[in-house]
Undergrad: 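Next up is a structure, given as structure tokens.
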Amino acid sequence: MRKTSGASLADLWRLFYTETTLLTQAAFLLELLGVFAALDSFSELMNSKISLSVLWSVKGVVFMVLSLLFLVLISGSYPSFYLSRIPVVGAIRGRSAKVMRKSHLSAAMVFIQFTISVFLLVSVLVVFAQISHLKNVPLGFNPQNVVGVYGFNRQMSESHKAIENELTKLPYIQSIGPSIHYMGGGASGQYLHELGKTESKGYQVNEYRISKGFCETLQLQLVEGKFFSGTVEDKTSIILNQTAVREFGLTDALGKQVVMHDEPLTIIGIVHDFYYSSHAGEKIQPLALTAYASDVDVMYLKMSGEFSVQRKNEVSEILHQFNPEYILTSYHLADAYASKFRKEDRFLTMLLLGTMLAIFLSFMGMFALSAYNAESRTKEIGIRKVVGSSTLQVVFRMLAGSLKWVLLAMPLAFLAAYLTLDFWLSGIANRVTLCPHYFMAGGLAALIIASLAVFLKSWQAARQNPVVSLRSE
């Protein structure tokens, strides 16, 4: 109608780009409001303080303006360069719909959207299963009701045996495990070789310097041998984990002597592997437990029940006897190991949010495609109902025509998800298996979402009076 009234191509381009600019600016303002509203939650999710000051800098403003112009240019290009060139007679007679129907642009967008959605759905399922699996892998020791008390000065460190004697008088403290190293933290790197062999045939090993009671407090599991007993012999003894024995190729290791710091140490025990510094997603490294050190940086207290405020005060009073200025600092060992999955939990949350956004966009895309199909097939729907087709038959026919794009998207999405997830899982020690049910569940969820989007519009079109449908064209 505008072209018949004398509008030129330039006039139509100006109209389309003006409308696109107004819509894009409105969306941009809404996006800014959303950013302001979600800033605190996003900062917490990223575990970082995020400021919007960068947006109002010169670079930020230039970037936003250029992004806005780019979106306007891309969004307005289709109506400006395609719709404006449709023949006037064909458009007035309704033939433009036939021309547009031949374009697969909408179907291609739905295909891309659901490829991404299925990929993300499968990824969320696998990542959730993997993290849940890691959290359920046994640690190799018992961190429950174990509290680490630390922050000792030199005087307290040297008096740790006296402190232990006083703390054990408290009825709720079952055992005490002194150590220089912190469970869940780093270890000392050492070099170890068998007695009688050259240092060139030695091994790299992590070391935890502990004292009597550490192994019992954490309930480490002996493969063979014994724990430290608190005698002088402890200073010339060493306990290895299974990984150290296996990787060093030690046969009949118990009783053998190894050299560390140019001093021979006798292997008195072998313990089952336990996650002393990492979580279950990482490989356990060789570990040596020694008891030659005389100082202590942390004491692990095995409690019967919770470490209540009253109990904290009682423990603090005992420690004040050895340092009046000491302020009780402690942490629950179970919480320390649970916090090791913060990175994985944060990744899962971000992936879940991204998946929800992708699903929403896919739903809207499919809804738009089904609305377009329903509108362009109004007369067809009316004829089918006149010749006896039921409402459900019409709906199922429209469902089949739209859902084929989701089914076509699945193989590509499954392949991309498998390759990506297999690469991600390859760096995890205790990994889940990429079973078919993850892919089937993700594909089924995408089909349900797409079916709902198509059904809402198709049902409305199919229930319309066929007389009205036949008059529409």
Side-chain angles (χ1 to χ4, degrees), residues 44 47-48 131 134-164 166-188 206-220 271 274-282 284-285 287 289 293 295-346:
E44 183 179 353
N47 196 27
S48 175
I131 294 176
L134 291 179
K135 290 181 178 180
N136 292 318
V137 172
L139 294 173
F141 68 96
N142 185 7
Q144 299 302 318
N145 295 328
V146 176
V147 176
V149 177
Y150 60 99
F152 303 148
N153 60 12
R154 179 171 294 276
Q155 179 182 356
M156 297 177 70
S157 178
E158 294 175 349
S159 306
H160 71 90
K161 291 188 178 297
I163 295 175
E164 288 180 55
E166 293 299 319
L167 289 176
T168 51
K169 294 178 181 179
L170 298 175
Y172 46 83
I173 294 183
Q174 298 176 338
S175 62
I176 300 176
S179 174
I180 289 180
H181 295 88
Y182 293 78
M183 284 290 294
S188 298
N206 292 324
E207 179 194 15
Y208 261 30
R209 298 169 195 166
I210 63 175
S211 298
K212 175 184 178 295
F214 177 89
C215 299
E216 293 84 352
T217 299
L218 271 62
Q219 298 181 14
L220 301 185
V271 295
F274 64 98
Y275 292 94
Y276 56 92
S277 63
S278 60
H279 63 58
E282 302 174 15
I284 297 177
Q285 300 297 320
L287 177 68
L289 301 174
D295 49 344
V296 165
D297 287 336
V298 57
M299 288 185 178
Y300 291 103
L301 312 180
K302 180 69 173 181
M303 301 279 181
S304 59
E306 297 294 327
F307 195 33
S308 62
V309 175
Q310 180 181 351
R311 291 181 174 185
K312 289 181 180 179
N313 292 333
E314 293 174 352
V315 170
S316 182
E317 288 178 3
I318 292 176
L319 295 174
H320 282 166
Q321 298 175 14
F322 299 88
N323 180 12
E325 298 179 356
Y326 176 76
I327 299 177
L328 180 66
T329 48
S330 62
Y331 72 100
H332 292 268
L333 195 55
D335 294 341
Y337 274 81
S339 67
K340 286 183 174 294
F341 292 98
R342 286 177 181 172
K343 180 180 177 181
E344 287 78 7
D345 289 336
R346 188 162 59 245

Undergrad: Any chance you could lay out the salt bridge (charged side-chain N to carboxylate O under 4.0 Å, His left out) test for E166 and K169, step after step, and finish with the verdict?
TA: CA-CA 5 Å; E166 293 299 319; K169 294 178 181 179; 3.3 Å; yes
Undergrad: Under a 4.5 Å cut-off applied to non-hydrogen side-chain atoms, are N142 and K302 in contact?
TA: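 Yes, close enough: below the 4.5 Å cut-off.
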Undergrad: From L220 CG over to F274 CZ, what is the distance, rounded to the nearest 0.5 angstrom?
TA: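 Going from the CG atom of L220 to the CZ atom of F274 covers 5.0 Å.
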Undergrad: Run the numbers on D297 and Y150 for side chain to side chain contact (heavy atoms under 4.5 Å, CB included), then give the verdict.
TA: CA-CA 6 Å; D297 287 336; Y150 60 99; over 6 Å; no
Undergrad: Less than 4.5 Å apart, side chain to side chain, heavy atoms only: is that true for V149 and L319?
TA: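 Answer yes - side chains close enough.
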Undergrad: Rounded to the nearest 0.5 Å, how far apart are CD of Q144 and NE2 of H332?
TA: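 The NE2 atom of H332 is 11.0 Å from CD of Q144, to the nearest 0.5 Å.
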Undergrad: Mind checking whether H320 and Y326 have parallel, tilted or perpendicular rings, split at 30° and 60°?
TA: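 Perpendicular, since the angle between the ring planes exceeds 60°.
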Undergrad: How long is the gap from CG on N323 to CZ on R154, to the nearest 0.5 Å?
TA: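 Reported to 0.5 Å precision, the distance equals 13.5 Å.
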Undergrad: What are the two closest heavy atoms between V147 and M303, and how far apart are they?
TA: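 Minimum heavy-atom contact is CG2-CG, 4.4 Å.
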Undergrad: Check the pair Q155 / F322 against side chain to side chain contact (heavy atoms under 4.5 Å, CB included), numbers first and verdict last.
TA: CA-CA 8 Å; Q155 179 182 356; F322 299 88; 5.7 Å; no
Undergrad: Any idea which heavy atoms bring A187 and N206 closest together, and the distance?
TA: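 In terms of heavy atoms, the two residues are closest at CB-CB, 3.8 Å.
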Undergrad: Do NZ/NE/NH1/NH2 and the carboxylate oxygens of R311 and E314 come within less than 4.0 Å?
TA: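 Judged by the 4.0 Å cut-off on N to carboxylate O distance, R311 and E314 do not form a salt bridge.
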Undergrad: Would you mind reporting whether N145 and Q174 have side-chain heavy atoms less than 4.5 Å apart?
TA: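 In short, these two side chains do not touch, never coming nearer than 4.5 Å.
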Undergrad: To the nearest 0.5 Å, what is the distance between OG (S277) and NZ (K340)?
TA: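 The distance works out to 6.5 Å.
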Undergrad: What about the rings of Y337 and Y275, do their centers lie closer together than 6.0 Å?
TA: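 Between Y275 and Y337, which both carry aromatic rings, the centre distance is not below 6.0 Å.
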Undergrad: Rounded to the nearest 0.5 Å, what separates atom CD in E325 from atom CG in N153?
TA: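 One gets 8.5 Å once the value is rounded to the nearest 0.5 Å.
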Undergrad: Can you tell me how far the OG atom of S330 sits from the CE atom of M299, to the nearest 0.5 Å?
TA: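 Nearest 0.5 Å value for the OG-CE distance: 14.0 Å.
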Undergrad: Over all heavy atoms of both residues, which pair between C215 and I210 is shortest? Give the atoms and the distance, please.
TA: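 Looks like SG-CD1, 3.9 Å.
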Undergrad: Is the shortest side-chain heavy-atom distance between F152 and I163 below 4.5 Å?
TA: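 Contact flag for F152/I163 side chains = no.
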Undergrad: Is any NZ, NE, NH1 or NH2 atom of the basic residue among D345 and K135 found under 4.0 Å from an Asp or Glu carboxylate oxygen of the other?
TA: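 Yes.
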Undergrad: Just wondering, do Y276 and I284 contact through their side chains at under 4.5 Å, heavy atoms?
TA: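 A side-chain contact exists here, since the closest heavy-atom pair is under 4.5 Å.
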Undergrad: Taking the six-membered ring for Trp, are the ring centroids of F141 and Y300 within less than 6.0 Å of each other?
TA: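 Ring centroids of F141 and Y300 are no less than 6.0 Å from each other.
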